[in-house]
Number of protein chains: 2
Amino acid sequence: MKSHQITIIDIANTLNLSKSTVSRALTGHPNVKVKTRERVLELAAELDYQRNQLAISLLTNRTQTIGIMVPEFLSSFFPKVIIGAQDVLAKAGYNVVICHSNESYETEIVNTKLLLASRVDGILVSHTKETRNFEHFKIFDRKGIPVVFFNRIVEEMSVSKVAVDDYEGAYQAVEHLIKTGKRRIAHLSGPDSLQNSRSRLNGYRDALTNHQIPIDPALIISYDLTLDKANIYVNHLLNLPQPPDALFAINDPTAIEALKVIKSRGLRIPEDIAIVGFSDDPISALIEPGLTTVSQPVDEIGREAARLLLNQLAADDERPEPELVVLPTRLIIRGSTVTGEIPTGFGDQTSLPSF
Amino acid sequence: MKSHQITIIDIANTLNLSKSTVSRALTGHPNVKVKTRERVLELAAELDYQRNQLAISLLTNRTQTIGIMVPEFLSSFFPKVIIGAQDVLAKAGYNVVICHSNESYETEIVNTKLLLASRVDGILVSHTKETRNFEHFKIFDRKGIPVVFFNRIVEEMSVSKVAVDDYEGAYQAVEHLIKTGKRRIAHLSGPDSLQNSRSRLNGYRDALTNHQIPIDPALIISYDLTLDKANIYVNHLLNLPQPPDALFAINDPTAIEALKVIKSRGLRIPEDIAIVGFSDDPISALIEPGLTTVSQPVDEIGREAARLLLNQLAADDERPEPELVVLPTRLIIRGSTVTGEIPTGFGDQTSLPSF
DNA sequence: CATGATTTTGGGAACATTCCCAAAAATATA
DNA sequence: TATATTTTTGGGAATGTTCCCAAAATCATG
């Protein structure tokens with residue numbers, strides 16, 4: 001049983017004013033006597049009046065709400081992005097609704113309908129690994145609701161996007177492996193449906209080629225990011241007649257899974273096989289050996305995506321040109337690729353939260 | 001520029017019907033001719049009509065939205081809770097708005113206002129470690145908006161709550177240490193403001209007392225969960241004239257921090273000092289040695305909290321009695337407390353997500 | 001075929017707010 | 001003091017929907 005909500009009419013009646021005047025007083029409209037405004041504000045505070053955003057939204061057709069859709073949020077990556085975006089959006093007066101599609105295309109479609117139904121003013125999206133058809137996002141575009149992609153971006157849609165330099169990150173990771181003397185470098189890649197997966201693969205390829213190392217297709221395995229399968233693929237690689245002496249994994253969870261397999265087989269890391277991941281998950285600094293990985297400015301991805309969305313939202317006449325922001329990556333070297341001076345594991349300043 | 005939204009009036013005009021009839025057809029009201037309903041549904045589908053939830057909310061004073069407020073969501077704990085809750089709530093037709101207060105009392109107050117302004121139908125809350133005054137939550141109660149606490153529960157409010165058996169979990173953890181021969185067991189406790197922190201401390205105390213081990217106040221340190229301080233306290237404990245031979249930490253991040261310090265001092269785990277955490281964070285299975293910890297049914301906490309909220313929401317006449325659900329914990333034994341048969345680290349089936 | 005019963009439809013109020021325009025009040029000017 | 005000007009206020013429409021009640025249409029029964 002929700003109790004009666006105080007409305008401007010309640011205030012108007014008590015003060016013998018019209019709702020129009022009360023509305024003006026509360027919204028800071030200039031045409032209202034100072035004395036009257038004071039009386040209204042005082043009573044409003046006293047009654048703990050809260051303006052009903054629903055009514056305003058109905059009238060203005062704006063909900064001041066942004067939807068953020070991510071494929072999952074169990075790893076620290078997306079929560080960090082969300083926190084960054086939320087911070088920027090909150091300062092601009094927007095609420096945020098978070099959806100996670102659980103890497104399922106079906107769920108993503110459902111979420112899309114949900115966000116449409118709750119009449120969000122815009123959305124920030126990182127699509128699922130299953131998504132190959134983007135019609136459900138184009139609906140937003142057609143309705144004039146701005147869409148910004150981040151992390152996993154969609155080339156076929158002309159909207160603002162935030163990515164990191166996946167190509168360069170991968171290139172540097174592989175180059176680092178080459179410099180430590182590795183020659184048979186395997187790549188556990190992600191699904192072809194993900195743009196960042198394709199870019200990382202390209203970076204891997206070009207780094208090898210530019211260092212006159214032939215590309216061995218047997219060392220490139222593309223998989224669907226289902227971790228228990230990573231296990232199988234790593235074992236497969238290790239069982240090759242000519243097993244790899246290094247592994248560049250599409251992301252940290254995959255790299256960690258590989259690390260488990262390799263350790264359990266009694267191989268030495270990095271002497272027998274070196275490992276590099278991608279994203280610098282907090283776990284990567286804690287395991288042993290510490291995981292060399294390509295870090296991304298995660299928080300900044302969220303902030304930047306939010307800014308691009310606000311840019312689109314700000315223009316009330318005509319949509320501004322879509323923008324593409326590519327943020328830099330940075331190679332973090334730990335014990336999984338080098339021995340000696342670099343402390344193995346536990347070397348980094350990480351801030352784990354408390355619960 | 002948002003484009004015009006299709007309304008029931010558009011449909012009514014096209015079909016020469018009144019908005020009332022169209023509304024009935026769409027909502028499945030029985031008093032409408034089958035033929036008419038078909039025509040309406042057909043046109044609605046064709047025009048991609050979406051009912052405007054804002055208008056309905058304004059009318060019914062229900063937003064079909066639930067707020068979830070958590071102190072942080074960088075660790076895997078709260079995201080998992082949120083996923084569980086969201087699943088249950090979505091099936092009951094509710095949307096979810098997520099707020100994180102970043103362990104800040106100030107932010108929590110701001111979030112409270114936000115949720116109040118967006119007229120949520122109910123809230124699920126785990127308060128910050130700073131929160132000692134709960135007036136901002138009582139406002140919801142007074143307005144008839146049900147509140148359910150989980151994980152960090154508030155004793156002074158008579159609302160539904162979901163907790164785990166912190167006392168029993170702590171008791172078993174400490175008893176396990178005693179059984180492995182440890183006698184000087186330290187406890188790095190959380191702030192006194194958290195009910196679960198107090199319960200775990202009680203479990204620790206009673207386990208010692210029941211095994212005729214005197215409680216040494218020098219071995220109990222209560223801290224504010226700021227991880228860099230954990231470092232200091234662990235060093236302090238190790239520097240005692242009679243250092244502890246075991247450490248029971250309030251949570252896994254604290255335990256992992258302790259593990260780092262202990263390893264860096266060259267002590268053996270568990271021979272010199274054993275460690276137990278609380279919550280079974282995915283990291284705990286990956287580090288070396290694996291961390292013995294008290295696991296909680298995280299997903300189920302969220303589901304149960306959502307169910308209790310739905311119970312409160314369902315009764316449209318009078319609020320039902322608040323319920324308290326206490327879920328069981330389970331001790332997960334790993335290499336940080338025992339040597340030998342138990343695999344050290346990497347022993348568990350963990351599912352890390354992909355990004 | 002008329003009358004009553006039932007099904008189907010339409011009109012208007014209500015939800016809380018803002019905004020436009022007109023009316024009223026206050027103030028300035030002659 | 002009368003008139004013009006400015007400030008302040010009030011009334012009503014509009015937003016999109018549901019629900020109630022009355023009106024209209026259809027159907028059944030004698």
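Every chain is numbered from 1, with letters handed out A, B, ... down the list of sequences.
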- When rounded to whole Å, the CG to P distance for the pair A/Asn13 and C/dA16 reads 12 Å
- Which atom pair, heavy atoms only, marks the closest approach of A/Lys161 to A/Val154? NZ-O, 2.8 Å
- Task: Classify the angle between the aromatic ring planes of A/Phe134 and A/Phe149 as parallel (below 30°), tilted (30 to 60°) or perpendicular (above 60°).
- Result: perpendicular
- Interface residues of residues 51-58 of chain B with DNA chain D (non-hydrogen, below 4.0 angstrom): B/Arg51, B/Asn52, B/Ala55, B/Ile56
- Item | Gap between atom CG of A/Leu41 and atom CD of A/Glu46 - 0.5 Å precision | 12.5 Å
- Item | Among A/Ile83, A/Val88, A/Val162, side-chain contact (heavy atoms from CB on, under 4.5 Å) partner for A/Arg303 | A/Val88
- Query: Near DNA chain D, which residues from residues 14-36 of chain B have a heavy atom under 4.0 Å away?
  - Reply: B/Lys19, B/Ser20, B/Ser23, B/Arg24, B/Thr27
- Message: Quick check for you: to the nearest 0.5 Å, what is the distance between A/Leu116 atom CG and A/Ile145 atom CD1?
- Response: 5.5 Å
- Rounded to 10°, the helix from C/dC1-D/dG30 to C/dA30-D/dT1 deviates from straight, judged by its five-pair end axes, by 50°
- Message: Whole angstroms only, please: what is the CD1-P distance between A/Ile6 and C/dT17?
- Response: 10 Å
- Whole-Å distance separating the CD1 atom of A/Ile11 from the P atom of D/dT9: 15 Å
- Message: Could you measure the distance from the CD1 atom of B/Ile82 to the CG atom of B/Leu89? Nearest 0.5 Å is fine.
- Response: 11.5 Å
- Query: Side chains of B/Thr131 and B/Thr128: is there a donor and an acceptor less than 3.5 Å apart?
  - Reply: yes
- Task: Determine whether A/Ser118 and A/Thr65 make a side-chain contact, defined as any pair of heavy atoms from C-beta on separated by less than 4.5 Å.
- Result: no
- Item | Nucleotide C/dG10, atom P - distance to CD1 of B/Ile9 in whole Å | 13 Å
- Item | Nearest-Å distance for atom pair CD/P, residues A/Gln50 and C/dT17 | 11 Å
- Is it true that atom CD of B/Glu156 has more than 12 heavy atoms of other residues, nucleotides or ligands lying nearer than 6.0 Å? yes
- Query: Between A/Tyr105 and A/His136, does the ring centroid distance fall short of 6.0 Å?
  - Reply: yes
- Can you check the A/Leu59 CG to D/dT15 P distance for me, whole Å? 9 Å
- Query: Whole Å only: how far is the CG atom of B/Asn61 from the P atom of D/dT18?
  - Reply: 16 Å
- Could you check if a side-chain atom of A/Val148 sits within less than 4.5 angstrom of a side-chain atom of A/Val125, using non-hydrogen atoms only? no
